[in-house]
S.K.: 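Shown below is the structure under consideration.
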Number of protein chains: 2
Amino acid sequence: MSIKALAQHLNISIGTVSRALNGRADVNPETRKRVLAAAEALGYVPNQSGRSLRQGTTNVIGFTIETNIETKSQGDTFFMSVFDGVQTVFARHQLDLVVLPCSSEDDPFDHVRRVVSRQFVDGLFISATQRVDPRIDFLIERGIPFVTLGRSQSGGEHSWIDMDFEGVAAGAVARLVARGHRRIALANTASGINLSYIFEDSYRRALAEHGIDYDPDIVMRGEITERGGYAICDRLLALPDRPTAVVLVNESLAIGIYRRLHDAGLMPGRDMAIIGLRQSPQARFLSPTLTCHRLSLHDVGVELAQSLLATMPAYRDHYPQGVTQKIWPMELVPGESDPPLGG
Amino acid sequence: MSIKALAQHLNISIGTVSRALNGRADVNPETRKRVLAAAEALGYVPNQSGRSLRQGTTNVIGFTIETNIETKSQGDTFFMSVFDGVQTVFARHQLDLVVLPCSSEDDPFDHVRRVVSRQFVDGLFISATQRVDPRIDFLIERGIPFVTLGRSQSGGEHSWIDMDFEGVAAGAVARLVARGHRRIALANTASGINLSYIFEDSYRRALAEHGIDYDPDIVMRGEITERGGYAICDRLLALPDRPTAVVLVNESLAIGIYRRLHDAGLMPGRDMAIIGLRQSPQARFLSPTLTCHRLSLHDVGVELAQSLLATMPAYRDHYPQGVTQKIWPMELVPGESDPPLGG
DNA sequence: CGTTGCACCGCAAACGTTTACGGTGCGATG
DNA sequence: CATCGCACCGTAAACGTTTGCGGTGCAACG
């Protein structure tokens, strides 16, 4: 069912059919109605390849994710919620979102390069940004619109959205200090992902502000998974001068930490104060409940989409803000896992 | 950087360049080398739209998922692992996997219809199959290759892969009966998804085999999330004749059930035996550990990919098996959550 | 030497669109 | 009645590929 078949079924020219379908002005309202009716009746849908070839645009936006262990540890429903938010915006503009998983055997940079050079997408979201991330420079050089989920130190000006890891780390330290803690550990990711640096820097600055010496022995790096949390807690418990609190870069860690404490006959909160990152469904169901931070991933998705459209010339009239950088606030949700020390 | 530019840079015709790049026989090895070198040097990558338009094939396979709450409960990690498996197979055939999330505001059937009629993909995976699923009939009618993750009662012959829900339900009931339980509840999903019927049917048959009467009061249906598990357990605890065991259709439920039991001062396992479905990272870290079932999602992905290729004419020589249906076995992994009754 | 066969390459059509351009018919205007 | 403007529509080129067909040159053969 091509536009040609549709045209000769209507006994009019291809061009007119195209104009009628695309809502151009110079077509008789009467014929437009006929065309639309016939298209509907015959189930005509424009061929994407033909259209893309002609106008050099695909109306498809890609979202790259990595299917390796570090990303997996986002676990639960992190990306699903973000996608949902993105799509609520895209639906209004006839844009399609496709997710491009980068397999664990593949290199993220090659992956992006393949996607871009095949001219598959009009724009791109990339996640899990590294501290220096060649993908960013590449995309800027190629001039294709993109937004990163996560900051980076790479290259030029570009749009990004990130979560307020500084705020979380600083706030968590301040809160723990206020509750009597002085020996506060950090559970961070071992990957080169940029947020790990941000998180740790902020933690160090917060300690300094409260006059607490930085002790590298209680800054742990590992897999940000349940298993990783277990291992980190293991190492914490083995220390001669055991910390009384720990701040987590990720809430999956909490599950392992709870488990390790239970195995040692200790109780999360009472024997070790814990502050997690995001209020995930799992975190919400830990017992005692985990102190963590509220974050609407759906809204992050909406913002991501708007931010991307703002960098695309074709949508400049709807989204004029241009290049944007946004640190997404995270609001602390008190739980039972960080009671006052000794209280 | 089109093939035309590449051709005139080499002073040869477009056709020859194309043949050289596509490994056809009738091209001088010497010129082929020159072409490949130039393509590499100038960073030429064939335009996907042009190629698709000409040969009516995109080399792209879609994987539809739903980003609503029911699917979310599977979590990102579920699909990530599957994707990874799919891609290990696809990488060998220059195929690209794209994930097509169906937003919660969209209808899954419309979603598939849009994807297909735009001729976006050469093949499709669909998940979360309903008991009667119009998508299946549609895809068969359109003749586009697809494999479903999950059975359905819809329409004609097609390839699918599903998990052995019968085996799990029957095995769980048998195991619990052997451990002294007679009053065994079921925690199922309330959605119309096909597996819920399969699971419940098998549970009923297993009860009958062991001479236990079916009691609709202890067959619970709800959200298969942590919260849903909490609610289901709530209802179970309120029953006058409280069950001593419960079989879960999903391991996220376990987290809520554990929590509800704790809140009631009860202990999972001792006060209520629990058998979950899949051995997820979260389930592995419950305490007491959850009895559940081993399942390699990566291998499921591999099998899905092979199964799809087997239905595509272009790959018939590599994968000659044609239409396949496979129930994926799940092996029970004993945990501490289903000890003998009274033991 | 004429013919044949073969290896290699160029030509051009075709895939399904969109869109600039020009053409037609018609009512309004002078 | 001649002219103009306008609304509408058809024509054809272009996007980047692939591929059937035919053509060239050359070696081998009778």
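Only heavy atoms go into these numbers, but all of them, side chains included; no hydrogens, no water, no symmetry mates. Note that the structure is predicted; figures quoted are calculated from it, not measured.
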S.K.: Please state how far atom CZ in B:R51 lies from atom C1' in D:dT19, giving the value in whole angstrom units.
M.R.: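 Taking atom C1' of D:dT19 as the reference, CZ of B:R51 is at 13 Å.
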S.K.: Nearest whole angstrom, please: distance from the P of C:dG10 to the CZ of B:R24.
M.R.: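 The answer, rounded to whole Å, is 16 Å.
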S.K.: Starting at atom CG of B:L53, determine the distance to atom C1' of C:dA14, rounded to an integer number of angstrom.
M.R.: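 Taking atom C1' of C:dA14 as the reference, CG of B:L53 is at 9 Å.
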S.K.: Within the pair A:S49 and C:dG16, is there a side-chain N or O less than 4.0 Å away from OP1 or OP2?
M.R.: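 A:S49 to C:dG16 OP1/OP2: no side-chain N or O under 4.0 Å.
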S.K.: What does B:S2 touch in the nucleic acid at a heavy-atom separation under 4.0 angstrom: a base, only the sugar-phosphate, or nothing?
M.R.: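 Since only primed, P, OP1 and OP2 atoms lie under 4.0 Å of B:S2, the category is sugar-phosphate.
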S.K.: Once you round it to whole Å, what is the distance between P of C:dC8 and CZ of B:R34?
M.R.: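 These atoms are roughly 14 Å apart.
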S.K.: What is the distance from CD1 of A:I3 to C1' of C:dC15, rounded to the nearest Å?
M.R.: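 Rounding to the nearest Å, CD1 of A:I3 and C1' of C:dC15 are 14 Å apart.
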S.K.: Keeping to residues at least two apart or across chains, list the salt bridge (charged side-chain N to carboxylate O under 4.0 Å, His left out) pairs with something in residues 20-36 of chain A.
M.R.: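 Residue pairs with at least one partner in residues 20-36 of chain A: there are none.
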S.K.: Please report, rounded to the nearest Å, how far the P atom of C:dT17 is from the CG atom of A:N22.
M.R.: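 About 10 Å, once rounded to whole Å.
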S.K.: Quick one: does A:D133's side chain have a donor or acceptor within less than 3.5 Å of a partner on A:Q130's backbone?
M.R.: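 Side chain of A:D133 to backbone of A:Q130, a donor-acceptor pair under 3.5 Å: yes, one is there.
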S.K.: Along nucleotides 7-14 of chain D, 5' to 3', which nucleotides get a B, which get an S, and which get a -, given that the test is a protein heavy-atom distance under 4.0 Å?
M.R.: -SBBB-BB
S.K.: Is the B:F125-B:F146 ring centre distance short of 6.0 angstrom?
M.R.: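 So the answer is no for these two rings.
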S.K.: Do other residues, nucleotides or ligands put more than 12 heavy atoms under 6.0 Å from the NE2 atom of A:H111?
M.R.: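 Enclosed.
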S.K.: A:Q55 has an atom CD; how far is it from atom P of C:dT17, in whole Å?
M.R.: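 About 11 Å, once rounded to whole Å.
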S.K.: C:dT18 C1' sits how many Å from A:Q48 CD, rounded?
M.R.: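 Checked: the CD to C1' distance equals 13 Å.
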S.K.: Would you indicate whether B:H298, at its atom NE2, is surrounded by more than 12 heavy atoms from other residues, nucleotides or ligands within a distance under 6.0 Å?
M.R.: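 Atom NE2 in B:H298 is packed in, count exceeds 12.
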S.K.: Work out which heavy atom in B:T67 is nearest to a heavy atom in B:S103; give both atom names and the distance.
M.R.: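 It is OG1-CA, 3.5 Å.
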